[in-house]
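Here the structure is laid out as structure tokens; the discussion comes afterwards.
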Amino acid sequence: MDLRIFTEPQQGASYDTLLRVAKATEELGFDAFFRSDHYLKMGDVDGLPGPTDAWITLAGLARETSRIRLGTLMTAATFRLPGVLAIQVAQVDAMSGGRIELGLGAGWYEEEHTAYGIPFPKEKFGRLEEQLAIITGLWGTKAGDTFDFEGAHYRLKDSPALPKPVQERIPVLIGGTGARRTPELAARYATEFNLPFTSVEQTREQIGRVSEALQRHGRAADDMLYSNVLVACVGKDDAEVARRAAAIGREPAELRENGLAGTPDEVVEKIGRYAETGSRRFYFQILDLDDLDHLELISSRVAPQLG
């Protein structure tokens with residue numbers, strides 16, 4: 001069972017803060033440090049000191065860590081041209097010694113596009129589909145050969161398809177709850193399917209859809225790893241749970257219902273219910289990035305119970 005730390009820096013975090021969390025993630029034995037890819041805060045926070053770029057952040061962390069895997073949930077296809085993104089991710093993979101994973105989504109937050117002058121097209125899913133084809137195609141092109149692509153949104157001609165990642169195959173994460181197009185896209189391109197903030201029943205239903213899509217595409221059932229991302233609020237007792245919930249502006253009862261919240265034993269039991277659906281990796285969304293004791297508690301009291 002992989003346990004990973006997931007952060008939302010657009011809510012307010014400097015690079016130095018993210019570095020402290022990433023180093024704690026590594027020292028405490030977690031599998032990976034992931035971050036969102038957003039340029040604008042959400043909800044009633046000030047977002048100070050302002051946004052940090054996901055791939056610049058991961059490039060820095062690649063040189064400051066040695067073991068943990070690093071990636072995004074999710075990079076928006078609207079933010080970057082696919083050829084440029086393929087170069088960026090391959091370079092950061094080299095900088096990390098082969099520890100990078102790419103989560104890629106269609107993009108959804110129109111306000112952040114408006115705030116920073118990023119085009120927000122109406123047809124986003126088609127762009128995502130072409131980006132996945134281009135990025136994986138560039139990485140998969142044999143050295144010395146060239147890559148061409150002719151699509152509705154992007155055109156590449158005689159690309160040298162360089163640089164190559166260190167990893168033979170960079171893990172590609174796709175996620176969401178779409179009932180038809182999303183499972184098909186995952187079956188074509190993904191190594192991991194992520195369920196964001198979904199219930200146990202929603203997780204079971206979507207894993208079923210993706211499994212059926214894998215069969216249609218001739219892939220083995222065990223050729224996809226399933227994961228969940230859920231907000232974390234773990235405490236030694238109810239008082240500590242309540243304190244951590246208050247620090248992120250949430251209610252303990254709501255967090256217990258919708259996240260990985262409560263005492264360590266409660267959280268282990270909740271993870272077990274998700275595991276019964278086939279999920280094997282869990283991203284703890286940490287919203288208070290100054291509370292490193294929270295990570296230590298999860299590492300010392302939750303992780304050992306999961307083997």
Side-chain angles (χ1 to χ4, degrees), residues 1-6 30-32 34 68-75 77 86 89 93 98-106 125-126 128-141 165-230 258-260 267-285 302-303 305-307:
M1 191 74 72
D2 290 339
L3 303 185
R4 298 182 160 193
I5 298 302
F6 170 57
F30 292 98
D31 177 62
F34 270 58
I68 52 172
R69 298 191 67 80
L70 302 164
T72 52
L73 285 177
M74 301 281 189
T75 286
V89 177
D93 192 52
R99 294 182 285 124
I100 290 298
E101 304 185 9
L102 171 63
L104 191 61
F125 198 91
L128 171 62
E129 187 171 10
E130 290 190 15
Q131 287 218 3
L132 286 162
I134 292 166
I135 291 167
T136 58
L138 288 168
W139 291 339
T141 297
V166 170
Q167 297 176 84
E168 183 176 346
R169 184 183 185 188
I170 287 184
V172 173
L173 290 72
I174 294 174
T177 56
R180 183 177 60 85
R181 297 176 73 184
T182 300
E184 287 293 320
L185 202 61
R188 291 169 59 191
Y189 296 108
T191 55
E192 177 178 338
F193 193 86
N194 182 259
L195 286 303
F197 311 107
T198 57
S199 68
V200 171
E201 186 53 41
Q202 288 173 318
T203 297
R204 181 179 293 107
E205 290 176 355
Q206 190 69 334
I207 286 177
R209 295 186 188 108
V210 176
S211 297
E212 291 172 358
L214 289 175
Q215 290 181 341
R216 289 193 293 271
H217 286 268
R219 289 178 61 181
D222 62 358
D223 196 33
M224 182 76 75
L225 189 148
Y226 298 100
S227 63
N228 286 88
V229 55
L230 294 158
N258 298 314
L260 296 174
V267 171
V268 169
E269 189 275 333
K270 184 78 170 283
I271 287 175
R273 283 189 273 143
Y274 279 96
E276 290 174 357
T277 71
S279 185
R280 292 292 177 267
R281 178 174 288 164
F282 294 87
Y283 294 81
F284 287 76
Q285 184 196 42
V302 175
Q305 297 190 59
L306 298 170

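Just so you know, these numbers use all the heavy atoms, side chains as well, and skip hydrogens, waters and symmetry mates.
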To the closest 0.5 Å, what do you measure between [atom1] ([X]) and [atom2] ([Y])?
X	Y	atom1	atom2	value
R69	I100	CZ	CD1	8.0 Å
I271	E276	CD1	CD	12.5 Å
E205	S199	CD	OG	7.5 Å
L104	T75	CG	OG1	6.5 Å
L132	L128	CG	CG	4.5 Å

If you look at every heavy atom in [X] and [Y], which pair is closest and at what distance?
X	Y	result
R99	I68	NH1-O, 2.6 Å
T198	L195	OG1-CB, 3.3 Å
Y189	R169	O-NH2, 4.1 Å
V229	Q285	CG2-CB, 4.4 Å

Between side-chain atoms of residues 220-228 and protein atoms elsewhere (two or more places apart, or another chain), which donor-acceptor pairs fall under 3.5 Å?
| residue | atom | partner | partner atom | Å |
| --- | --- | --- | --- | --- |
| D223 | OD2 | R219 | NE | 2.8 |
| D223 | OD2 | R219 | NH2 | 3.2 |
| Y226 | OH | S211 | OG | 3.3 |
| S227 | OG | E192 | OE2 | 2.7 |
| S227 | OG | N194 | ND2 | 2.8 |
| N228 | OD1 | S279 | OG | 2.7 |
| N228 | ND2 | T203 | OG1 | 3.0 |

Side chains of L102 and W139: does their closest heavy-atom pair fall under 4.5 Å?
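A side-chain contact under 4.5 Å exists here.
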
With F34 as reference, evaluate Y283, F6, F284 under the ring pair (Phe, Tyr, Trp, His ring centres under 6.0 Å) test and give the passing residue.
Y283

Is it the case that the side chain of D31 and the backbone of R4 share a donor-acceptor pair, with hydrogens and angles ignored and the cut-off at 3.5 Å?
no

Under a 3.5 Å distance rule, please check whether Q131 uses its side chain to pair with a backbone N or O of A77 as donor and acceptor.
yes

Side-chain ion pair, E201 and R204, N-O less than 4.0 Å:
yes

Which side-chain N or O atoms in residues 172-188 pair as donor and acceptor under 3.5 Å with protein atoms at least two apart or in another chain?
| residue | atom | partner | partner atom | Å |
| --- | --- | --- | --- | --- |
| E184 | OE1 | H217 | NE2 | 2.7 |
| E184 | OE2 | R216 | NE | 2.9 |
| E184 | OE2 | R216 | NH2 | 2.5 |
| R188 | NH1 | E129 | OE2 | 2.4 |

